[in-house]
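Note that the structure is a prediction, hence the values are computed from the model and not measured.
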Amino acid sequence: MATPAGHRAGATAAIVGVVAGAVAAAGSWRVSIWSDEVATLSAATRSIGDLLRLVSTLDAVHATYYAFMHVWVAVAGTSLVSLRLPSALAVGLAVSGTYLLGRRVADHRTGLAAAAVLALLPRMTWAGIEARPFAVATACVVWLTLALVVAVQDGRRLAWLPYGALLALGTALNLYVLLAAAAHATTLLVHRRTRRRLLPWAVAAGSGALLASPVVVTALGQGGQLGDAHLGPVDLARNVVVNQWFLGETPTLTTARGGGLDLGAAWKLAAVALALLCWVLVVRAVVARSRASVEPTRDLVALALPLLVLPTAIVLAYALVSPSAYNPRYFAFCAPALALLVAAGLRASAPRAALMAAVALLALVVPVYLSQRTVTAKSGADLSLVASHLDGLVQPGDAVYFGPRDDARDGVVLRSLRTVAIADPAVFDGTVDLTLIASPAAGATLFGTSAPLAEVTGRLAPVHTIWVIRREDRPAESAADDALLAGLGFRVDETWRGPVTEVVRLSRG
(Lines give C-alpha, C1' and ligand atoms only; values in the text may rest on other atoms or scores of the structure.)
Protein backbone atom coordinates (compact mmCIF):
# COMPACT_ATOMS: atom_id res chain seq x y z
CA MET A 1 0.00 0.00 0.00
CA ALA A 2 1.28 3.47 -0.88
CA THR A 3 2.19 5.71 2.04
CA PRO A 4 0.64 9.17 2.51
CA ALA A 5 4.01 10.63 1.50
CA GLY A 6 3.85 8.50 -1.62
CA HIS A 7 0.38 9.83 -2.39
CA ARG A 8 1.64 13.39 -1.99
CA ALA A 9 4.62 12.70 -4.25
CA GLY A 10 2.34 11.26 -6.91
CA ALA A 11 -0.01 14.22 -6.72
CA THR A 12 2.87 16.68 -6.90
CA ALA A 13 4.34 14.85 -9.89
CA ALA A 14 0.98 15.00 -11.66
CA ILE A 15 0.59 18.71 -10.98
CA VAL A 16 4.06 19.71 -12.17
CA GLY A 17 3.60 17.50 -15.23
CA VAL A 18 0.32 19.14 -16.19
CA VAL A 19 1.75 22.63 -15.71
CA ALA A 20 4.86 21.78 -17.73
CA GLY A 21 2.77 20.26 -20.52
CA ALA A 22 0.64 23.41 -20.67
CA VAL A 23 3.74 25.63 -20.80
CA ALA A 24 5.17 23.51 -23.61
CA ALA A 25 1.91 23.45 -25.61
CA ALA A 26 1.18 27.18 -25.31
CA GLY A 27 1.44 28.94 -28.66
CA SER A 28 1.92 25.72 -30.64
CA TRP A 29 -0.80 26.84 -33.05
CA ARG A 30 1.06 30.05 -33.96
CA VAL A 31 4.38 28.63 -35.14
CA SER A 32 4.60 27.67 -38.82
CA ILE A 33 5.18 24.04 -39.60
CA TRP A 34 8.63 23.30 -41.05
CA SER A 35 10.15 20.59 -43.22
CA ASP A 36 11.00 18.13 -40.45
CA GLU A 37 7.43 18.22 -39.16
CA VAL A 38 6.13 17.89 -42.71
CA ALA A 39 8.17 14.68 -42.90
CA THR A 40 6.26 13.41 -39.84
CA LEU A 41 2.94 14.39 -41.41
CA SER A 42 3.88 12.80 -44.73
CA ALA A 43 4.83 9.50 -43.08
CA ALA A 44 1.98 9.37 -40.57
CA THR A 45 -0.83 9.98 -43.05
CA ARG A 46 -0.03 7.16 -45.44
CA SER A 47 -1.22 3.55 -45.17
CA ILE A 48 0.64 1.03 -43.03
CA GLY A 49 1.88 -0.72 -46.17
CA ASP A 50 3.22 2.52 -47.62
CA LEU A 51 4.77 3.42 -44.26
CA LEU A 52 6.59 0.09 -44.12
CA ARG A 53 7.88 0.64 -47.66
CA LEU A 54 9.16 4.07 -46.62
CA VAL A 55 11.06 3.00 -43.50
CA SER A 56 12.54 -0.03 -45.22
CA THR A 57 14.57 2.34 -47.40
CA LEU A 58 14.49 5.72 -45.60
CA ASP A 59 14.10 7.21 -42.12
CA ALA A 60 14.00 3.91 -40.22
CA VAL A 61 15.51 5.86 -37.34
CA HIS A 62 12.06 7.44 -36.87
CA ALA A 63 9.98 4.37 -37.74
CA THR A 64 8.63 3.85 -34.22
CA TYR A 65 7.59 7.47 -33.89
CA TYR A 66 5.94 7.46 -37.33
CA ALA A 67 3.96 4.35 -36.40
CA PHE A 68 2.72 6.03 -33.22
CA MET A 69 1.83 9.21 -35.10
CA HIS A 70 -0.03 7.17 -37.73
CA VAL A 71 -2.41 6.04 -35.01
CA TRP A 72 -2.48 9.46 -33.34
CA VAL A 73 -3.46 11.49 -36.42
CA ALA A 74 -6.13 8.95 -37.33
CA VAL A 75 -7.81 9.84 -34.03
CA ALA A 76 -6.76 13.44 -33.34
CA GLY A 77 -6.40 14.88 -36.84
CA THR A 78 -3.58 16.76 -38.51
CA SER A 79 -3.90 20.32 -37.22
CA LEU A 80 -0.75 21.95 -35.86
CA VAL A 81 -2.03 21.56 -32.31
CA SER A 82 -2.82 17.88 -32.85
CA LEU A 83 0.53 17.14 -34.45
CA ARG A 84 2.47 18.78 -31.63
CA LEU A 85 0.33 17.74 -28.67
CA PRO A 86 2.08 14.36 -28.11
CA SER A 87 5.36 16.22 -27.67
CA ALA A 88 3.84 18.61 -25.13
CA LEU A 89 2.37 15.67 -23.22
CA ALA A 90 5.78 13.97 -23.31
CA VAL A 91 7.38 17.09 -21.82
CA GLY A 92 4.86 16.85 -18.99
CA LEU A 93 5.80 13.20 -18.42
CA ALA A 94 9.49 14.07 -18.45
CA VAL A 95 9.02 16.85 -15.91
CA SER A 96 6.90 14.73 -13.56
CA GLY A 97 9.49 11.95 -13.75
CA THR A 98 12.28 14.42 -13.07
CA TYR A 99 10.51 15.58 -9.92
CA LEU A 100 10.23 11.99 -8.70
CA LEU A 101 13.83 11.30 -9.62
CA GLY A 102 15.14 14.39 -7.83
CA ARG A 103 12.99 13.59 -4.80
CA ARG A 104 14.29 10.03 -4.70
CA VAL A 105 18.02 10.78 -5.00
CA ALA A 106 17.93 14.07 -3.07
CA ASP A 107 14.80 15.56 -1.52
CA HIS A 108 11.40 17.10 -2.27
CA ARG A 109 12.71 20.63 -2.82
CA THR A 110 15.47 19.49 -5.15
CA GLY A 111 12.90 17.52 -7.13
CA LEU A 112 10.65 20.56 -7.41
CA ALA A 113 13.55 22.78 -8.47
CA ALA A 114 14.68 20.26 -11.10
CA ALA A 115 11.14 19.95 -12.45
CA ALA A 116 10.85 23.74 -12.72
CA VAL A 117 14.20 24.06 -14.48
CA LEU A 118 13.35 21.31 -16.97
CA ALA A 119 9.91 22.77 -17.67
CA LEU A 120 11.48 26.13 -18.57
CA LEU A 121 14.66 24.92 -20.25
CA PRO A 122 14.56 26.19 -23.86
CA ARG A 123 15.48 22.79 -25.28
CA MET A 124 12.32 21.34 -23.73
CA THR A 125 9.97 24.24 -24.45
CA TRP A 126 11.13 23.92 -28.05
CA ALA A 127 10.74 20.12 -28.10
CA GLY A 128 7.19 20.52 -26.78
CA ILE A 129 6.07 22.22 -30.01
CA GLU A 130 8.03 19.98 -32.36
CA ALA A 131 6.22 17.10 -34.08
CA ARG A 132 9.30 14.89 -33.86
CA PRO A 133 10.32 12.17 -31.36
CA PHE A 134 12.73 14.20 -29.21
CA ALA A 135 10.35 15.00 -26.34
CA VAL A 136 9.01 11.44 -26.25
CA ALA A 137 12.55 10.02 -26.14
CA THR A 138 13.36 12.44 -23.31
CA ALA A 139 10.42 11.19 -21.27
CA CYS A 140 11.61 7.62 -21.85
CA VAL A 141 15.10 8.44 -20.57
CA VAL A 142 13.76 10.17 -17.43
CA TRP A 143 11.65 7.17 -16.49
CA LEU A 144 14.47 4.83 -17.59
CA THR A 145 16.77 6.57 -15.12
CA LEU A 146 14.11 6.41 -12.42
CA ALA A 147 13.75 2.69 -13.16
CA LEU A 148 17.52 2.34 -12.67
CA VAL A 149 17.37 4.00 -9.25
CA VAL A 150 14.38 1.91 -8.17
CA ALA A 151 16.03 -1.33 -9.33
CA VAL A 152 19.30 -0.52 -7.53
CA GLN A 153 17.45 0.31 -4.32
CA ASP A 154 15.03 -2.63 -4.60
CA GLY A 155 17.62 -5.34 -5.32
CA ARG A 156 15.20 -7.87 -6.86
CA ARG A 157 15.78 -9.17 -10.39
CA LEU A 158 12.23 -8.43 -11.53
CA ALA A 159 12.78 -4.77 -10.67
CA TRP A 160 15.01 -4.53 -13.77
CA LEU A 161 12.23 -5.43 -16.23
CA PRO A 162 10.99 -1.82 -16.65
CA TYR A 163 14.57 -0.73 -17.32
CA GLY A 164 14.97 -3.09 -20.26
CA ALA A 165 11.57 -2.23 -21.71
CA LEU A 166 12.11 1.54 -21.46
CA LEU A 167 15.59 1.28 -22.96
CA ALA A 168 14.18 -0.63 -25.93
CA LEU A 169 11.42 1.96 -26.47
CA GLY A 170 13.74 4.94 -26.04
CA THR A 171 16.33 3.51 -28.43
CA ALA A 172 13.66 2.79 -31.03
CA LEU A 173 12.67 6.45 -30.81
CA ASN A 174 16.22 7.85 -30.80
CA LEU A 175 19.26 5.64 -31.39
CA TYR A 176 21.44 7.85 -29.20
CA VAL A 177 19.37 6.81 -26.15
CA LEU A 178 21.61 3.72 -26.05
CA LEU A 179 24.31 6.06 -24.81
CA ALA A 180 22.15 6.79 -21.75
CA ALA A 181 22.70 3.16 -20.74
CA ALA A 182 26.45 3.72 -20.95
CA ALA A 183 26.04 6.73 -18.67
CA HIS A 184 24.08 4.58 -16.21
CA ALA A 185 26.88 2.01 -16.17
CA THR A 186 29.29 4.81 -15.29
CA THR A 187 27.01 5.81 -12.42
CA LEU A 188 27.01 2.27 -11.05
CA LEU A 189 30.80 2.14 -11.21
CA VAL A 190 31.23 5.25 -9.04
CA HIS A 191 30.36 3.51 -5.76
CA ARG A 192 31.55 0.12 -4.54
CA ARG A 193 28.09 -0.77 -3.22
CA THR A 194 26.37 -0.11 -6.56
CA ARG A 195 28.96 -2.04 -8.60
CA ARG A 196 27.20 -5.22 -7.46
CA ARG A 197 24.29 -4.16 -9.68
CA LEU A 198 26.37 -4.15 -12.87
CA LEU A 199 25.46 -7.72 -13.81
CA PRO A 200 21.65 -7.32 -13.58
CA TRP A 201 22.05 -3.92 -15.29
CA ALA A 202 23.97 -5.56 -18.13
CA VAL A 203 21.27 -8.22 -18.55
CA ALA A 204 18.50 -5.61 -18.61
CA ALA A 205 20.41 -3.24 -20.89
CA GLY A 206 21.38 -6.07 -23.24
CA SER A 207 17.77 -7.24 -23.42
CA GLY A 208 16.59 -3.71 -24.20
CA ALA A 209 19.23 -3.27 -26.90
CA LEU A 210 18.28 -6.63 -28.40
CA LEU A 211 14.61 -5.69 -28.54
CA ALA A 212 15.48 -2.44 -30.33
CA SER A 213 18.04 -4.06 -32.64
CA PRO A 214 15.75 -4.34 -35.73
CA VAL A 215 15.34 -0.55 -35.74
CA VAL A 216 19.02 0.04 -34.95
CA VAL A 217 20.35 -2.29 -37.65
CA THR A 218 17.96 -1.01 -40.31
CA ALA A 219 18.65 2.63 -39.48
CA LEU A 220 22.43 2.20 -39.48
CA GLY A 221 22.15 0.58 -42.89
CA GLN A 222 20.51 3.71 -44.29
CA GLY A 223 23.14 6.38 -44.95
CA GLY A 224 22.69 9.88 -43.59
CA GLN A 225 20.17 9.00 -40.89
CA LEU A 226 22.05 10.52 -37.96
CA GLY A 227 22.90 14.21 -37.88
CA ASP A 228 22.68 16.77 -40.66
CA ALA A 229 24.76 19.74 -39.56
CA HIS A 230 28.29 19.89 -40.99
CA LEU A 231 30.01 21.95 -38.30
CA GLY A 232 33.66 22.72 -37.61
CA PRO A 233 35.26 22.43 -34.15
CA VAL A 234 34.36 25.99 -33.10
CA ASP A 235 30.75 25.61 -34.22
CA LEU A 236 30.52 22.23 -32.52
CA ALA A 237 31.74 23.75 -29.26
CA ARG A 238 29.21 26.59 -29.48
CA ASN A 239 26.41 24.15 -30.19
CA VAL A 240 27.30 21.92 -27.25
CA VAL A 241 27.66 24.77 -24.75
CA VAL A 242 24.74 26.97 -25.83
CA ASN A 243 22.57 25.77 -28.72
CA GLN A 244 22.01 22.24 -27.45
CA TRP A 245 20.24 23.46 -24.31
CA PHE A 246 19.49 27.18 -24.42
CA LEU A 247 18.79 28.27 -28.00
CA GLY A 248 15.45 29.77 -28.98
CA GLU A 249 15.37 28.71 -32.62
CA THR A 250 16.02 25.35 -34.18
CA PRO A 251 19.83 25.10 -34.19
CA THR A 252 20.49 24.56 -37.89
CA LEU A 253 22.71 26.22 -40.45
CA THR A 254 19.67 28.17 -41.69
CA THR A 255 19.53 29.94 -38.34
CA ALA A 256 23.15 31.04 -38.66
CA ARG A 257 22.67 32.82 -41.98
CA GLY A 258 21.37 35.95 -40.27
CA GLY A 259 24.86 37.11 -39.27
CA GLY A 260 25.14 39.85 -36.64
CA LEU A 261 22.93 40.74 -33.72
CA ASP A 262 19.88 42.97 -33.99
CA LEU A 263 17.56 44.61 -31.49
CA GLY A 264 14.79 42.14 -32.25
CA ALA A 265 16.97 39.20 -31.30
CA ALA A 266 17.49 39.84 -27.59
CA TRP A 267 16.79 36.17 -27.03
CA LYS A 268 20.22 35.37 -28.50
CA LEU A 269 21.95 37.32 -25.76
CA ALA A 270 19.56 35.87 -23.19
CA ALA A 271 20.42 32.34 -24.34
CA VAL A 272 24.15 32.97 -23.87
CA ALA A 273 23.61 34.52 -20.42
CA LEU A 274 21.31 31.65 -19.46
CA ALA A 275 23.97 29.15 -20.54
CA LEU A 276 26.62 30.89 -18.45
CA LEU A 277 24.44 30.95 -15.33
CA CYS A 278 23.37 27.32 -15.67
CA TRP A 279 26.92 26.05 -16.17
CA VAL A 280 28.04 27.99 -13.09
CA LEU A 281 25.31 26.25 -11.10
CA VAL A 282 26.35 22.86 -12.49
CA VAL A 283 29.91 23.48 -11.33
CA ARG A 284 28.55 24.58 -7.94
CA ALA A 285 26.69 21.27 -7.62
CA VAL A 286 29.74 19.19 -8.53
CA VAL A 287 31.98 21.08 -6.09
CA ALA A 288 29.45 20.75 -3.26
CA ARG A 289 29.20 17.00 -3.88
CA SER A 290 32.99 16.58 -3.82
CA ARG A 291 33.12 18.11 -0.35
CA ALA A 292 30.42 15.91 1.14
CA SER A 293 30.06 12.26 2.04
CA VAL A 294 27.23 11.02 -0.18
CA GLU A 295 25.06 7.93 0.19
CA PRO A 296 25.46 5.90 -3.06
CA THR A 297 21.72 5.61 -3.71
CA ARG A 298 21.25 9.36 -3.10
CA ASP A 299 24.17 10.67 -5.17
CA LEU A 300 22.49 13.09 -7.59
CA VAL A 301 25.74 14.22 -9.19
CA ALA A 302 26.95 10.68 -9.87
CA LEU A 303 23.58 9.97 -11.48
CA ALA A 304 23.17 13.15 -13.55
CA LEU A 305 26.70 14.13 -14.56
CA PRO A 306 27.48 11.05 -16.71
CA LEU A 307 24.10 11.38 -18.44
CA LEU A 308 24.78 15.04 -19.15
CA VAL A 309 28.34 14.58 -20.41
CA LEU A 310 28.91 11.08 -21.77
CA PRO A 311 26.41 10.81 -24.70
CA THR A 312 27.42 14.19 -26.10
CA ALA A 313 31.15 13.55 -25.56
CA ILE A 314 31.04 10.22 -27.39
CA VAL A 315 29.20 11.63 -30.40
CA LEU A 316 31.27 14.81 -30.36
CA ALA A 317 34.50 12.82 -30.54
CA TYR A 318 33.16 10.96 -33.55
CA ALA A 319 31.81 14.19 -35.07
CA LEU A 320 35.33 15.61 -35.25
CA VAL A 321 35.95 12.91 -37.86
CA SER A 322 32.43 12.78 -39.31
CA PRO A 323 30.68 16.11 -38.63
CA SER A 324 27.29 14.87 -39.85
CA ALA A 325 27.05 12.58 -36.80
CA TYR A 326 26.12 15.49 -34.54
CA ASN A 327 22.91 17.47 -34.27
CA PRO A 328 21.93 19.34 -31.08
CA ARG A 329 18.32 18.19 -31.28
CA TYR A 330 19.24 14.55 -30.77
CA PHE A 331 20.48 15.23 -27.23
CA ALA A 332 17.25 16.59 -25.78
CA PHE A 333 17.13 13.40 -23.71
CA CYS A 334 20.11 14.67 -21.68
CA ALA A 335 18.23 17.83 -20.63
CA PRO A 336 16.77 16.29 -17.42
CA ALA A 337 20.33 15.63 -16.22
CA LEU A 338 21.17 19.30 -16.72
CA ALA A 339 18.00 20.28 -14.83
CA LEU A 340 18.92 18.04 -11.89
CA LEU A 341 22.42 19.51 -11.67
CA VAL A 342 21.19 23.10 -11.93
CA ALA A 343 18.68 22.34 -9.16
CA ALA A 344 21.45 20.82 -7.03
CA GLY A 345 23.55 23.92 -7.64
CA LEU A 346 20.70 26.14 -6.47
CA ARG A 347 20.19 24.01 -3.36
CA ALA A 348 23.92 24.12 -2.58
CA SER A 349 23.97 27.94 -2.74
CA ALA A 350 23.23 30.36 0.06
CA PRO A 351 19.49 31.20 0.26
CA ARG A 352 19.84 34.76 -1.02
CA ALA A 353 22.19 33.72 -3.84
CA ALA A 354 19.86 30.87 -4.79
CA LEU A 355 16.87 33.23 -4.92
CA MET A 356 18.75 35.73 -7.08
CA ALA A 357 19.88 32.95 -9.42
CA ALA A 358 16.34 31.56 -9.70
CA VAL A 359 14.95 35.00 -10.56
CA ALA A 360 17.70 35.51 -13.14
CA LEU A 361 16.97 32.11 -14.69
CA LEU A 362 13.31 32.96 -15.07
CA ALA A 363 14.04 36.41 -16.50
CA LEU A 364 16.48 35.00 -19.06
CA VAL A 365 14.12 32.22 -20.13
CA VAL A 366 11.29 34.61 -21.02
CA PRO A 367 12.77 36.19 -24.20
CA VAL A 368 13.96 32.79 -25.42
CA TYR A 369 10.55 31.24 -24.81
CA LEU A 370 8.77 34.08 -26.61
CA SER A 371 11.12 33.75 -29.58
CA GLN A 372 10.10 30.11 -29.91
CA ARG A 373 6.45 31.10 -30.24
CA THR A 374 6.83 33.52 -33.16
CA VAL A 375 5.33 32.45 -36.50
CA THR A 376 8.69 31.85 -38.19
CA ALA A 377 10.54 30.54 -35.13
CA LYS A 378 11.68 27.31 -36.76
CA SER A 379 14.66 28.41 -38.85
CA GLY A 380 12.53 31.07 -40.48
CA ALA A 381 10.15 28.45 -41.90
CA ASP A 382 7.12 30.17 -43.44
CA LEU A 383 5.19 27.26 -44.99
CA SER A 384 2.04 28.15 -43.06
CA LEU A 385 2.29 31.75 -44.26
CA VAL A 386 2.62 30.54 -47.85
CA ALA A 387 -0.45 28.32 -47.54
CA SER A 388 -2.43 31.14 -45.92
CA HIS A 389 -1.50 33.51 -48.74
CA LEU A 390 -2.46 31.03 -51.46
CA ASP A 391 -5.70 29.87 -49.86
CA GLY A 392 -8.50 31.05 -52.14
CA LEU A 393 -6.15 32.41 -54.81
CA VAL A 394 -5.10 29.11 -56.37
CA GLN A 395 -7.86 27.77 -58.60
CA PRO A 396 -8.56 24.25 -59.89
CA GLY A 397 -6.75 23.79 -63.19
CA ASP A 398 -3.88 26.10 -62.25
CA ALA A 399 -0.39 24.63 -62.45
CA VAL A 400 2.01 24.73 -59.53
CA TYR A 401 5.79 24.56 -59.74
CA PHE A 402 7.34 23.60 -56.41
CA GLY A 403 10.90 24.85 -56.60
CA PRO A 404 13.76 22.61 -55.43
CA ARG A 405 15.40 22.81 -52.02
CA ASP A 406 18.40 20.81 -53.23
CA ASP A 407 20.19 20.31 -56.53
CA ALA A 408 18.94 17.55 -58.81
CA ARG A 409 20.70 14.19 -58.67
CA ASP A 410 20.65 12.20 -61.91
CA GLY A 411 17.82 14.41 -63.12
CA VAL A 412 15.72 13.94 -59.98
CA VAL A 413 14.98 16.49 -57.26
CA LEU A 414 14.46 14.72 -53.93
CA ARG A 415 13.45 17.72 -51.80
CA SER A 416 11.26 20.56 -53.01
CA LEU A 417 8.77 23.14 -51.74
CA ARG A 418 6.09 20.49 -52.22
CA THR A 419 6.28 20.48 -48.43
CA VAL A 420 3.70 23.29 -48.41
CA ALA A 421 1.23 21.08 -50.29
CA ILE A 422 1.85 18.13 -47.96
CA ALA A 423 1.22 20.41 -44.97
CA ASP A 424 -1.93 22.03 -46.44
CA PRO A 425 -3.19 19.83 -49.31
CA ALA A 426 -6.65 21.44 -49.47
CA VAL A 427 -5.12 24.68 -50.76
CA PHE A 428 -3.96 22.85 -53.90
CA ASP A 429 -7.05 20.76 -54.69
CA GLY A 430 -7.52 20.36 -58.43
CA THR A 431 -4.16 21.86 -59.40
CA VAL A 432 -1.50 20.38 -61.67
CA ASP A 433 1.85 19.55 -60.06
CA LEU A 434 4.08 20.43 -63.02
CA THR A 435 7.29 18.64 -62.10
CA LEU A 436 5.98 15.67 -60.12
CA ILE A 437 7.59 12.33 -60.95
CA ALA A 438 6.21 10.24 -58.07
CA SER A 439 4.13 11.20 -55.05
CA PRO A 440 5.58 10.59 -51.57
CA ALA A 441 3.62 7.37 -51.05
CA ALA A 442 4.13 6.05 -54.58
CA GLY A 443 7.86 6.69 -54.54
CA ALA A 444 8.45 5.66 -50.91
CA THR A 445 9.89 9.11 -50.16
CA LEU A 446 8.96 11.82 -47.69
CA PHE A 447 8.36 14.69 -50.10
CA GLY A 448 7.86 13.10 -53.51
CA THR A 449 10.31 13.27 -56.41
CA SER A 450 10.44 16.02 -59.03
CA ALA A 451 11.99 16.68 -62.40
CA PRO A 452 13.82 19.93 -63.19
CA LEU A 453 11.47 22.46 -64.81
CA ALA A 454 13.48 22.50 -68.04
CA GLU A 455 12.72 18.81 -68.55
CA VAL A 456 8.92 19.11 -68.38
CA THR A 457 8.22 22.02 -70.72
CA GLY A 458 5.90 19.76 -72.70
CA ARG A 459 3.49 19.79 -69.75
CA LEU A 460 3.15 23.58 -70.05
CA ALA A 461 1.27 23.55 -73.38
CA PRO A 462 -2.29 23.57 -71.93
CA VAL A 463 -1.36 25.73 -68.92
CA HIS A 464 -2.64 29.30 -68.60
CA THR A 465 -1.65 30.12 -64.98
CA ILE A 466 1.40 28.94 -63.04
CA TRP A 467 2.11 29.44 -59.35
CA VAL A 468 5.83 29.24 -58.65
CA ILE A 469 6.76 28.49 -55.02
CA ARG A 470 10.50 28.66 -54.44
CA ARG A 471 13.28 29.40 -52.00
CA GLU A 472 14.67 32.93 -52.01
CA ASP A 473 18.21 31.70 -51.42
CA ARG A 474 18.57 30.12 -54.89
CA PRO A 475 18.69 33.25 -57.11
CA ALA A 476 20.63 31.76 -60.03
CA GLU A 477 18.19 28.88 -60.37
CA SER A 478 15.21 31.25 -60.05
CA ALA A 479 16.59 33.49 -62.81
CA ALA A 480 17.01 30.50 -65.14
CA ASP A 481 13.44 29.35 -64.47
CA ASP A 482 12.10 32.88 -65.07
CA ALA A 483 13.92 33.10 -68.39
CA LEU A 484 12.57 29.69 -69.43
CA LEU A 485 8.98 30.63 -68.58
CA ALA A 486 9.29 34.05 -70.23
CA GLY A 487 10.46 32.33 -73.42
CA LEU A 488 7.26 30.28 -73.35
CA GLY A 489 5.11 33.39 -73.11
CA PHE A 490 4.47 33.57 -69.36
CA ARG A 491 4.46 36.96 -67.66
CA VAL A 492 4.61 37.78 -63.94
CA ASP A 493 1.28 38.96 -62.51
CA GLU A 494 2.17 39.23 -58.84
CA THR A 495 4.89 38.33 -56.35
CA TRP A 496 4.68 37.58 -52.62
CA ARG A 497 7.72 37.21 -50.40
CA GLY A 498 8.00 35.58 -47.00
CA PRO A 499 11.09 35.25 -44.81
CA VAL A 500 12.52 32.37 -46.86
CA THR A 501 9.94 31.60 -49.56
CA GLU A 502 8.79 33.47 -52.67
CA VAL A 503 5.48 32.94 -54.47
CA VAL A 504 5.12 34.17 -58.06
CA ARG A 505 1.97 34.04 -60.19
CA LEU A 506 2.53 33.93 -63.95
CA SER A 507 0.04 33.75 -66.82
CA ARG A 508 -0.09 34.00 -70.58
CA GLY A 509 -2.81 35.31 -72.76
Side-chain angles (χ1 to χ4, degrees), residues 3-20 23 91-121 123-124 138-139 141-153 180 183-184 187 190-191 194 245 274 277-309 333-362 365:
T3 64
H7 281 302
R8 288 195 296 271
T12 303
I15 292 169
V16 298
V18 169
V19 172
V23 170
V91 168
L93 280 173
V95 169
S96 63
T98 300
Y99 161 72
L100 293 173
L101 190 57
R103 182 180 182 275
R104 191 148 192 146
V105 298
D107 52 44
H108 167 74
R109 290 186 178 182
T110 301
L112 276 181
V117 171
L118 185 63
L120 297 175
L121 197 66
R123 173 54 55 193
M124 296 312 297
T138 301
V141 170
V142 170
W143 290 89
L144 173 72
T145 307
L146 185 58
L148 172 77
V149 173
V150 170
V152 168
Q153 294 176 351
H184 292 160
T187 295
V190 168
H191 296 286
T194 55
W245 319 103
L274 182 63
L277 179 54
C278 285
W279 291 124
V280 167
L281 289 168
V282 169
V283 172
R284 180 74 183 90
V286 174
V287 171
R289 185 264 186 194
S290 67
R291 294 175 177 173
S293 177
V294 183
E295 167 65 31
T297 58
R298 297 182 66 82
D299 191 343
L300 183 149
V301 173
L303 180 71
L305 192 60
L307 182 56
L308 175 67
V309 174
F333 70 86
C334 300
L338 177 63
L340 285 165
L341 289 166
V342 170
L346 287 170
R347 295 281 288 144
S349 303
R352 177 171 291 186
L355 178 60
M356 292 175 61
V359 171
L361 287 172
L362 181 59
V365 158

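Atoms CG and CG, on Leu274 and Leu362 in that order, are 10.5 Å from each other to the nearest 0.5 Å. Rounded to the nearest 0.5 Å, atoms CG (Leu101) and OG1 (Thr145) are 6.0 Å apart. In this structure, OG1 in Thr12 is found 6.5 Å from CG in Leu112, a value given to the nearest 0.5 Å. To the nearest 0.5 Å, the span separating CG on Leu340 from CG on Leu118 amounts to 8.0 Å. For the atom pair OG1 (Thr138) and CH2 (Trp143), the distance works out to 14.5 Å, reported to the nearest 0.5 Å. Between Leu338 atom CG and Trp279 atom CH2 the span is 5.0 Å, to the nearest 0.5 Å.
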Do any side-chain atoms of residues 346-354 form donor-acceptor pairs under 3.5 angstrom with protein atoms, and if so which ones, sequence neighbours left out?
from   : atom 1 : to     : atom 2 : distance (Å)
Arg347 : NE     : Thr110 : OG1    : 3.2
Arg347 : NH2    : Asp107 : OD2    : 3.1
Ser349 : OG     : Gly345 : O      : 2.7

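For the residue pair Tyr99 and Ala115, the shortest heavy atom distance occurs at CB-CB, 4.0 Å. The two residues Val301 and Ala285 have their closest heavy-atom pair at CG2-O, 3.7 Å. Shortest non-hydrogen contact noted between Ala339 and Ala114 is CB-O, 3.5 Å. Pairing each heavy atom of Cys334 with each of Trp245, the nearest pair is CB-CH2, 3.4 Å. The heavy-atom pair separating Thr98 from Pro336 by the smallest distance is OG1-CB, 3.8 Å.
Looking at heavy atoms from C-beta onward, Val142 lies out of side-chain contact with Leu93 at the 4.5 angstrom threshold. With a 4.5 Å cut-off on side-chain heavy atoms, Leu305 and Val309 count as touching. Annotation: side chain of Leu300 is in contact with side chain of Leu341 (closest heavy-atom distance under 4.5 Å). Here the side chains of Val95 and Met124 are not in contact, with every heavy-atom distance at 4.5 Å or above. Taking the side chain as every heavy atom from C-beta outward, Arg8 and His108 never approach each other to under 4.5 Å.
Residues passing the salt bridge (Lys or Arg N to Asp or Glu O under 4.0 Å) test with Arg289 are Asp299, sequence neighbours excluded. Scanning for ring-ring contact (aromatic ring centres under 6.0 Å, His included) contacts around Phe333 gives an empty result, with sequence neighbours left out.
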Practice problem: For the pair Leu281 and Leu361, evaluate side-chain contact (heavy atoms from CB on, under 4.5 Å) and give the outcome as yes or no after the intermediate values. | Solution: CA-CA 11 Å; Leu281 289 168; Leu361 287 172; 4.1 Å; yes
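Thr187 contributes a side-chain N or O that, together with a main-chain N or O of Ala302, makes up a donor-acceptor pair within less than 3.5 Å.
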